[in-house]
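Computation of the quantities below employed the complete heavy-atom set of this structure, encompassing side-chain atoms and omitting hydrogens, waters and symmetry-equivalent molecules.
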Amino acid sequence: MASPRRLTVAIIGRPNVGKSTLFNRLAGKKLALVDDTPGVTRDWRSADGYLAGIELTVVDTAGLEEAFDDSLEARMRRQTEKAIDRADVGLFMVDARAGITPLDRHFAAFLRKGKTPIILVANKCEGNAGKPGLMECFELGLGDPVPLSAEHGEGMADLVEALTPYLPAYEPEDEEAEEEGPLDEEAAEARDNAKPLQLAIVGRPNVGKSTLLNSLLGEERVLTGPEAGMTRDAIAAEWIWRDRPVKLVDTAGLRRRARVDDKLEKLAVADTLRVIRMAHVVVLVLDADAILDKQDLTIARQVIEEGRGLVIAVNKWDAVANRAEALQQLSDRLETSLPQARGIPTITISALKQHKLDVLLDAAFEVYRLWNRRIPTAQLNRWLSGMLEAHPPPLVDGRRLKIRYMTQVKARPPTFALFSSRPVEIPEHYTRYLINGLRESFKMPAVPLRFLLRKGSDNPFD
């Protein structure tokens with residue numbers, strides 16, 4: 001078997017030439033937000049891609065702007081320059097239908113001076129409308145342009161031909177692979193530890209989510225600033241923490257649904273909800289000046305309903321005057337408004353000053369461990385027998401409900417099936433009694449528990 005022939009390819013160009021459309025095409029998924037509005041993409045993001053036998057790490061970047069101050073556009077340009085420096089090849093994209101603009105010429109001259117090799121890509125070449133602009137591309141001094149249509153998938157063969165010279169040399173791998181036998185419990189745990197923890201950072205706009213991601217990574221990976229709603233795309237970053245792989249994902253801020261009327265914001269919200277569904281553990285970032293308002297609780301409930309592990313990070317804690325009062329307020333709100341997930345870890349941090357970030361990550365990995373936990377059936381049923389003896393099921397229509405046995409049907413999140421003679425008649429308060437007892441006896445705070453009621457006989461093997 002051949003070793004992967006992988007290239008890191010950065011897609012660059014001025015705003016609104018179709019960079020994100022090509023990114024989605026190469027990634028094979030609609031990962032980046034696409035809209036006719038210029039400047040939709042603000043941070044660079046990467047994804048695995050595949051093109052005719054070539055494995056790619058595809059990087060989508062913000063549109064290049066001629067700005068060199070501390071404005072948002074200048075910060076976006078600096079992020080794009082970082083992405084170019086890390087790439088094996090840059091794809092400089094122009095809009096063939098619009099023709100070559102002064103901004104294209106300016107950045108072509110800038111890219112020619114860099115160390116990263118550049119392939120000129122002329123987008124929107126479907127039909128005849130792009131032919132005049134394609135001819136103009138030769139004046140940029142970046143070699144022959146590759147004509148394609150990112151939206152329609154035309155010209156991909158020409159792009160493969162242009163990328164081929166930059167591929168690493170072919171290296172055969174050792175084909176003597178050992179056969180894997182069945183894994184014991186320790187080996188299975190080691191295998192799970194080798195997989196990256198999918199850790200999503202969510203919250204309202206301007207609470208410090210991007211600052212937290214940058215502080216964890218130790219670099220300015222995503223844009224930060226006083227402007228609310230700066231992050232639009234969900235930005236993922238691979239990372240190693242204490243020899244454990246982590247995939248950090250920064251997301252767009254979630255406002256109340258009634259306030260979301262902009263099309264781009266709706267797309268960003270949908271992307272954030274997708275990230276929550278794919279995450280293992282979610283860090284909900286709160287602003288210490290407005291702890292657990294209605295929108296924070298809505299986000300927390302969404303995380304719990306999706307069955308994800310939850311950790312709460314109270315950011316900007318260094319600016320809080322009365323800390324005891326703030327902690328009591330948070331505890332009271334959790335007790336009354338989120339009883340379905342008792343014991344959620346709450347960590348007070350300062351993302352800007354990198355205060356207690358290790359404590360936050362320790363809590364996230366502990367929640368991840370509980371989220372993966374499995375309890376043996378025999379142990380569960382011994383516990384169930386004691387719970388039934390302490391508080392027998394109530395009478396329904398003069399007859400006592402018979403609860404037969406219980407088993408865990410899956411983890412991630414822990415899901416249990418309770419078999420009874422009349423499952424639909426078990427009152428909700430009795431189910432809560434069992435769930436709370438399960439949490440307390442098996443020390444499973446913070447993670448959502450799912451409880452399925454099933455009809456069953458006395459014999460679990462029937």
Side-chain angles (χ1 to χ4, degrees), residues 185 188-189 191-193 195-203 241-242 244-249 251 272-286 292 296-314 330-331 333-349 358-377 379-380 383-384 387 406-418 428 431-453:
E185 189 172 339
E189 184 177 353
R191 181 196 60 189
D192 289 339
N193 288 342
K195 295 178 181 177
L197 165 64
Q198 308 276 348
L199 187 64
I201 303 173
V202 304
W241 183 75
R242 293 181 182 172
R244 293 290 303 274
V246 182
K247 186 175 183 179
L248 288 169
V249 188
T251 62
T272 298
L273 297 177
R274 176 188 63 82
V275 169
I276 290 174
R277 287 192 293 271
M278 299 298 292
H280 299 152
V281 178
V282 174
V283 175
L284 173 58
V285 182
L286 312 181
L292 269 186
D296 291 326
L297 290 170
T298 300
I299 298 170
R301 291 192 190 100
Q302 287 175 327
V303 173
I304 293 167
E305 287 169 6
E306 290 292 343
R308 309 299 97 180
L310 178 62
V311 177
I312 292 177
V314 185
L330 176 60
S331 176
R333 292 280 281 170
L334 287 173
E335 186 70 25
T336 57
S337 303
L338 284 177
Q340 65 270 51
R342 297 180 186 277
I344 297 172
T346 304
I347 316 297
T348 54
I349 67 168
D358 283 354
V359 178
L360 175 64
L361 288 165
D362 281 332
F365 272 101
E366 175 60 17
V367 168
Y368 180 60
R369 185 188 69 80
L370 295 174
W371 189 68
N372 281 284
R373 188 175 178 190
R374 285 190 173 274
I375 302 173
T377 300
Q379 192 176 349
L380 266 178
W383 166 83
L384 179 63
M387 294 291 287
M406 182 178 177
T407 187
Q408 183 174 354
V409 295
K410 67 183 288 290
R412 306 164 69 96
T415 303
F416 302 89
L418 184 73
E428 185 180 348
T431 303
R432 284 200 305 270
Y433 159 69
L434 293 176
I435 292 174
N436 291 337
L438 194 64
R439 283 192 187 280
E440 185 176 345
S441 299
F442 293 102
K443 295 180 174 54
M444 299 178 71
V447 295
L449 302 182
R450 289 179 174 169
F451 221 62
L452 310 175
L453 302 178

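- The OG1 atom of Thr336 sits 6.5 Å away from atom CZ of Arg333, with the distance rounded to the nearest 0.5 Å.
- Proximity of a side-chain donor or acceptor of Lys410 to a complementary backbone N or O of Arg412 within less than 3.5 Å is detected.
- Considering only residues two or more places apart in sequence or on other chains, Arg373 meets the salt bridge (charged side-chain N to carboxylate O under 4.0 Å, His left out) condition with none of them.
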Would you mind writing out the side-chain donor-acceptor pairs for residues 440-448 within the sub-3.5 Å range, not counting sequence neighbours?
from, atom 1, to, atom 2, distance (Å)
Ser441, OG, Trp383, NE1, 3.1
Ser441, OG, Gly437, O, 3.0

TODO: Give the intermediate values and the outcome of side chain to side chain contact (heavy atoms under 4.5 Å, CB included) for residues Leu334 and Ile312.
DONE: CA-CA 11 Å; Leu334 287 173; Ile312 292 177; 3.7 Å; yes
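- In this structure, Leu449 CG and Leu434 CG are separated by 11.5 Å, a value rounded to the nearest 0.5 Å.
- Not counting sequence neighbours, Asn436 has no partner by the side-chain hydrogen bond (donor to acceptor under 3.5 Å, both in side chains) test.
- In this structure Gln408 satisfies the side chain to side chain contact (heavy atoms under 4.5 Å, CB included) test together with Arg374, Ile375, Leu380, Ala411, Pro414, Phe416, sequence neighbours excluded.
- Nearest approach of Val311 to Ala364, heavy atoms of both residues: CG2-CA, 3.9 Å.
- The two atoms that bring Val367 and Gly309 nearest to each other are CG1-CA, 3.6 Å, heavy atoms only.
- The CG atom of Asp296 lies 4.5 Å from the CG atom of Leu286; values are rounded to the nearest 0.5 Å.
- In this structure, CZ in Arg277 is found 9.5 Å from CD in Gln302, a value given to the nearest 0.5 Å.
- Rounding to the nearest 0.5 angstrom, the gap separating the CG atom in Leu248 from the CG atom in Leu361 is 7.5 Å.
- Judged as a salt bridge (charged side-chain N to carboxylate O under 4.0 Å, His left out), and not counting sequence neighbours, the contacts of Arg432 are Glu428.
- Thr377 is linked by a side-chain hydrogen bond (donor to acceptor under 3.5 Å, both in side chains) to Thr407, counting only residues two or more places apart in sequence or in another chain.
- What you find for Arg308 and Pro413 is that their closest heavy atoms are NH2-CD, 4.5 Å.
- Between Val202 and Ile276 the shortest side-chain heavy-atom distance falls below 4.5 Å.
- Listed by chain and residue number, nothing satisfies the ring pair (Phe, Tyr, Trp, His ring centres under 6.0 Å) test with Phe451 (two or more places apart in sequence, or in another chain).
- Counting heavy atoms from C-beta on, the side chains of Arg301 and Ser337 come closer than 4.5 Å.
- Smallest separation of non-hydrogen atoms from Ile201 and Thr251: O-OG1, 2.7 Å.
- Listed by chain and number, the residues in a ring pair (Phe, Tyr, Trp, His ring centres under 6.0 Å) with Phe365 are Trp241 (sequence neighbours excluded).
- Not a single side-chain hydrogen bond (donor to acceptor under 3.5 Å, both in side chains) links Arg450 to another residue, sequence neighbours left out.
- For the atom pair Leu438 CG and Met387 CE, the distance stands at 8.0 Å (nearest 0.5 Å).
- Residues satisfying the side-chain hydrogen bond (donor to acceptor under 3.5 Å, both in side chains) test with Thr346, not counting sequence neighbours, are none.
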